[in-house]
2 protein chains.
Amino acid sequence: MRYSNATNYALHTMVHLMLQPGDSSMGVQELAEMQQLSPTYLSKILTKLAKAGLIESTPGAKGGYKISRKKHEISFLDVIHATEGDTSLFDCSIHHEGCLIENVMRQAEENMKAELKSKLLIHIANEAVSKQK
Amino acid sequence: MRYSNATNYALHTMVHLMLQPGDSSMGVQELAEMQQLSPTYLSKILTKLAKAGLIESTPGAKGGYKISRKKHEISFLDVIHATEGDTSLFDCSIHHEGCLIENVMRQAEENMKAELKSKLLIHIANEAVSKQK
DNA sequence: TACATTACAGACATTAAGAGTCCTTAATAT
DNA sequence: ATATTAAGGACTCTTAATGTCTGTAATGTA
Ligand code: SF4
Ligand code: SF4
């Protein structure tokens, strides 16, 4: 029971893109090198992020990825949702009416999600910058 | 990213054992039938629960499993911990000092665990009983 | 227009973990 | 002694994550 590596890569990539100045794009090549992983694999993750509207992609020469216009609203939960999908941590296939076990598990997951939703990536990016100084 | 079926089975089994009257034991055979799953597989899960001190096992004829003496203190988290192990949901292998990403992820997981720790199985068992009436 | 560059998509291979089975051993009651 | 039960190890099967390869479409540049 662990978050996938893809989520880790996605989070790092998002922070990288946030720190990129102005309207400049980065290619998957460059992004993959920074994280020491295969460009083709990262490409799939980036496509997911793009479909979720968290980043914007432009094909063709001088193309690449840049952070979405919603830059200041993107939460950890948004990224995780994009990579992990929207499945529940606990999902009993039976679904008895008013199941007490599910209630507890769902509530617990909600507590986690609430935190992940309240934390914005932009905060991490800003802190990272001020640390470097 | 889902909790394993084993956790589901474990939770159900624990509730069953809690509803058992007095000091009586149940065999893995009976417990497996109730949940429609293989006795040998459930046996492995029960062994984990026993090692975690959540249930007590007695081998030999007329043996079986019964709820531990800590019956009234056992939380959802205890059961999950026994079956899933103590690994973190988010575990970056690198561990940069004061990592901001990990901080957020860890905190979120803590929020979930807090809920799971506060919910005791005995409550579920009691509610299940009063519903039946 | 031709060409280089880049994202995108599908098929495929590899790996790791979960789920489940089978068989043997040890402990206990009758 | 024998039947019954839990525990443990080795094994297979299934599934999902991880990763690669190849081709296609879109875009800028010369
Ligand atoms: S009681 Fe809840 S968790 Fe258990 S089988 Fe029914 S729906 Fe699933
Ligand atoms: S910054 Fe944090 S999550 Fe990223 S590589 Fe370092 S330790 Fe891992």
Side-chain angles (χ1 to χ4, degrees), chain A residues 1-10 13 17 23-33 35-68 80 82-93, chain B residues 1-10 12-13 17 23-33 35-68 80 82-85 87-93:
Chain A
M1 233 281 286
R2 248 193 65 222
Y3 276 116
S4 68
N5 295 343
T7 294
N8 187 330
Y9 300 149
T13 304
L17 288 176
D23 223 31
S24 59
S25 283
M26 292 184 78
V28 67
Q29 202 69 39
E30 195 178 350
L31 286 164
E33 269 174 31
Q35 301 181 59
Q36 312 245 46
L37 59 98
S38 126
T40 37
Y41 183 44
L42 182 59
S43 166
K44 296 201 178 303
I45 298 169
L46 290 169
T47 301
K48 281 187 185 179
L49 294 174
K51 288 201 170 161
L54 306 182
I55 60 179
E56 292 168 23
S57 69
T58 53
K62 297 287 175 190
Y65 298 93
K66 62 185 173 190
I67 199 77
S68 138
I80 292 170
T83 55
E84 301 277 341
D86 60 352
T87 61
S88 257
L89 244 63
F90 182 86
D91 191 8
C92 172
S93 50
Chain B
M1 233 280 287
R2 249 194 65 222
Y3 275 115
S4 68
N5 294 346
T7 294
N8 188 331
Y9 299 148
H12 283 85
T13 304
L17 288 175
D23 223 31
S24 59
S25 284
M26 293 185 78
V28 67
Q29 201 68 39
E30 196 178 350
L31 286 164
E33 269 174 31
Q35 300 180 62
Q36 312 245 46
L37 58 97
S38 128
T40 38
Y41 183 43
L42 182 58
S43 166
K44 296 200 179 303
I45 298 169
L46 289 169
T47 301
K48 282 187 184 178
L49 293 174
K51 287 201 169 159
L54 306 182
I55 59 179
E56 292 167 24
S57 69
T58 53
K62 297 288 174 188
Y65 299 93
K66 62 185 174 192
I67 199 78
S68 138
I80 292 170
T83 55
E84 301 276 342
T87 61
S88 257
L89 244 64
F90 182 86
D91 191 10
C92 172
S93 48

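Fair warning: this is a prediction, and the values are worked out from it, not measured in the lab.
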Q: With rounding to the nearest 0.5 Å, note down the distance linking CD1 in B:I45 to OG1 in B:T40.
A: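 The distance works out to 10.5 Å.
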Q: To the nearest 0.5 Å, tell me how far B:I80 CD1 sits from B:Y3 OH.
A: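 Going from the CD1 atom of B:I80 to the OH atom of B:Y3 covers 4.5 Å.
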Could you list, one pair per line, each protein nitrogen or oxygen that sits under 3.5 Å from a nitrogen or oxygen of nucleotides 10-17 of chain C, together with the distance?
unit_1, atom_1, unit_2, atom_2, d
C:dG10, O6, A:K44, NZ, 3.0

Got a donor-acceptor contact below 3.5 angstrom from the [X] side chain to the [Y] backbone?
X: A:Q29; Y: A:P39; result: no
X: B:S88; Y: B:D91; result: no
X: B:T83; Y: B:A6; result: no

Q. Heavy atom of residues 52-62 of chain B under 4.0 Å from DNA chain C: which residues?
A.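 Those residues are B:P59, B:G60, B:A61.
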Counting just side-chain N and O atoms, does [X] come under 4.0 Å of either OP1 or OP2 of [N]?
X: B:T47; N: D:dA6; value: no
X: B:Y41; N: D:dC13; value: no
X: B:Y9; N: C:dG20; value: yes
X: A:S4; N: D:dA16; value: no
X: B:K51; N: D:dA6; value: no
X: A:T40; N: D:dG19; value: no

Q.
Is there a side-chain contact between B:M1 and A:M1 in this structure, where contact means two heavy atoms from C-beta onward sitting under 4.5 Å apart?
A.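 Side chain of B:M1 against side chain of A:M1, heavy atoms only: contact under 4.5 Å found.
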Q) Between B:L37 and A:G27, which is nearer to the 5' end of DNA chain C once each is assigned its nearest nucleotide? A)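 In this pair, the answer is A:G27.
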Taking atom [atom2] of [N] as reference, at what distance in whole Å does atom [atom1] of [X] sit?
X: A:Y65; N: D:dA26; atom1: OH; atom2: C1'; value: 13 Å
X: A:N8; N: D:dA17; atom1: CG; atom2: C1'; value: 14 Å
X: A:K48; N: C:dA7; atom1: NZ; atom2: P; value: 18 Å
X: B:L42; N: D:dT5; atom1: CG; atom2: P; value: 15 Å
X: A:I45; N: D:dT18; atom1: CD1; atom2: C1'; value: 9 Å
X: B:L46; N: C:dG20; atom1: CG; atom2: P; value: 14 Å
X: B:R2; N: D:dA17; atom1: CZ; atom2: C1'; value: 15 Å
X: B:K66; N: D:dA6; atom1: NZ; atom2: P; value: 13 Å

Q) What pairs with A:Q35 under side chain to side chain donor-acceptor pair (under 3.5 Å), at least two apart in sequence or on another chain? A)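 By the side chain to side chain donor-acceptor pair (under 3.5 Å) rule, A:Q35 matches A:T13.
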Q) Got a sec, which residues hit side chain to side chain donor-acceptor pair (under 3.5 Å) with B:K48, two or more places apart in sequence or on another chain? A)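 Checked B:K48 against side chain to side chain donor-acceptor pair (under 3.5 Å); zero matches.
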(Q) So, using side chain to side chain contact (heavy atoms under 4.5 Å, CB included) as the criterion, who are the partners of B:T87 when residues are at least two apart? (A)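 Not a single residue meets the side chain to side chain contact (heavy atoms under 4.5 Å, CB included) criterion with B:T87.
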Q. With sequence neighbours left out, which residue pairs that include part of residues 51-65 of chain A fulfil the side-chain hydrogen bond (donor to acceptor under 3.5 Å, both in side chains) condition?
A.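 Applying side-chain hydrogen bond (donor to acceptor under 3.5 Å, both in side chains) to every pair that reaches into residues 51-65 of chain A, excluding sequence neighbours, yields A:E56-A:R69.
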